[in-house]
2 protein chains.
Amino acid sequence: MRNLLKGKGYKATPARIEILDILNKSKKPLNAELVYQKIKNKNINKTTVYRTLSSLSESEILKIVDLHKDSVFFELQNKHHHHIICTDCDLVEDIENIEVEKVLSKIKISSSKFKNIKEHSLEFFGICKECS
Amino acid sequence: MRNLLKGKGYKATPARIEILDILNKSKKPLNAELVYQKIKNKNINKTTVYRTLSSLSESEILKIVDLHKDSVFFELQNKHHHHIICTDCDLVEDIENIEVEKVLSKIKISSSKFKNIKEHSLEFFGICKECS
DNA sequence: ATACTAGTTGCAAATCATTTGCATTTATGA
DNA sequence: TCATAAATGCAAATGATTTGCAACTAGTAT
């Protein structure tokens, strides 16, 4: 984590390292509140969590995940994958599908108004078997 | 619009009709504030706009579009398509790509924990030629 | 090791999109 | 035309996120 931060020009502070560790261990994307709850070092302020998540997602370290919730969720960029979200119970399942990535990468060169496309977001929504 | 509403069991009120008209004419997804600004009938309250957008997206009339902004954007479900968003100037371009839809529809049957997947969201982010 | 400096953080207060309670109004079916 | 559930307006509340500013600290140069 230290190297990841320094490589992007960030100072490797305890807050950033712990927040990245938390996101790295998490199976699901997390929002600021959830990250804050998992932090053990109680000297870290919630504002710092917001600022860290926001600033690290401006570089390519973190990625915003749209779960259609009222708050913003994040995951490590290198854990990037797509999800299915249950609109009832909020269950999140990962999708691994090579074909998707192939097609998505082709689209990256098909726009007339955009030179380069940096990232994409793709999520699915439905009702899980448990809820239905 | 009246029929669309009634078909889903909604009362066809002036507010709903005007809001759907606005979304139908719009080339871009709109948030509550933008919809409200376009409303000519000044008897319609902004709260009603919020409630209308929220309730119509619970049925399959409207669709939430994730633009990575601080507010929630909507578009008519039947106008459903994907977008490229410029993270600098907020330019939104539509994507028409049949291959994408083919692949996406295949994924819909590949989940172990989900019986049926109702919808998906797919957006791309980058810097448009103008901004770069 | 020590000092410097820009980048970070904590705290409290401010913002701002969105939601809610409740009284009033209205669309629709009988 | 009437009854009634659904929809709306208004004002106040909520809650996530942001901001100003003073105090702190990681990384670098000395």
_Distance below 4.0 Å between B:Asn45 side-chain N/O and D:dC10 OP1 or OP2_ = yes
*Is there a side-chain polar atom (N or O) of A:Arg2 under 4.0 Å from OP1 or OP2 of D:dG27?*
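It does, given that an N or O in the side chain of A:Arg2 lies less than 4.0 Å from OP1 or OP2 of D:dG27.
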Send over the distance from [X] [atom1] to [N] [atom2], rounded to a whole Å.
X: B:Glu33; N: C:dT18; atom1: CD; atom2: P; value: 9 Å
X: B:Arg51; N: C:dT19; atom1: CZ; atom2: P; value: 10 Å
X: A:Lys69; N: C:dT19; atom1: NZ; atom2: P; value: 15 Å
X: B:Lys42; N: D:dT8; atom1: NZ; atom2: C1'; value: 16 Å
X: B:Leu5; N: D:dA6; atom1: CG; atom2: C1'; value: 13 Å
X: B:Ile44; N: C:dA27; atom1: CD1; atom2: P; value: 11 Å
X: B:Asp66; N: C:dA17; atom1: CG; atom2: C1'; value: 16 Å
X: A:Asn43; N: C:dT8; atom1: CG; atom2: P; value: 19 Å

*Strictly under 6.0 Å, is that where the ring centroids of A:His120 and A:His82 end up?*
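Yes, ring centres under 6.0 Å apart.
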Answer with base, sugar-phosphate or nothing: what part of the nucleic acid does [X] contact at a heavy-atom distance below 4.0 Å?
X: A:Lys6; value: sugar-phosphate
X: A:Asn31; value: nothing
X: A:Thr47; value: base

*Which ones in residues 9-17 of chain A lie close to DNA chain D, meaning a heavy atom under 4.0 Å from one of its atoms?*
A:Lys11, A:Ala12, A:Pro14
*In the single-linkage hydrophobic clustering (I, L, V, M, F, W, Y; side-chain heavy atoms under 4.5 Å), do A:Ile117 and B:Leu91 co-cluster?*
yes
*Compare every heavy atom of A:Lys6 with every heavy atom of A:Ala12, then report the nearest pair and how far apart it is.*
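Between these two residues, the closest heavy atoms are CB-CE, 4.2 Å.
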_Any side-chain to backbone donor/acceptor pair from B:Ser57 onto B:Leu53? Under 3.5 Å, distance only._
yes
_Whether over 12 other heavy atoms sit under 6.0 Å from A:Lys102 NZ_ = no
_Return whichever of B:Tyr50 or A:Val49 has its heavy-atom-nearest nucleotide of DNA chain C closer to the 5' end._
A:Val49
*So which nucleotide from D:dT8, C:dC11, C:dT18 ends up closest to the side chain of B:Val72?*
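Taking heavy atoms from C-beta onward, the closest nucleotide is C:dT18.
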*State which residue, out of B:Lys28, B:Glu93, B:Glu75, fulfils the side chain to side chain donor-acceptor pair (under 3.5 Å) condition with B:His83.*
B:Glu75
*Sole candidate of B:Thr48, B:Ile22, B:Asn45 that passes side-chain contact (heavy atoms from CB on, under 4.5 Å) when paired with B:Ile39*: B:Ile22
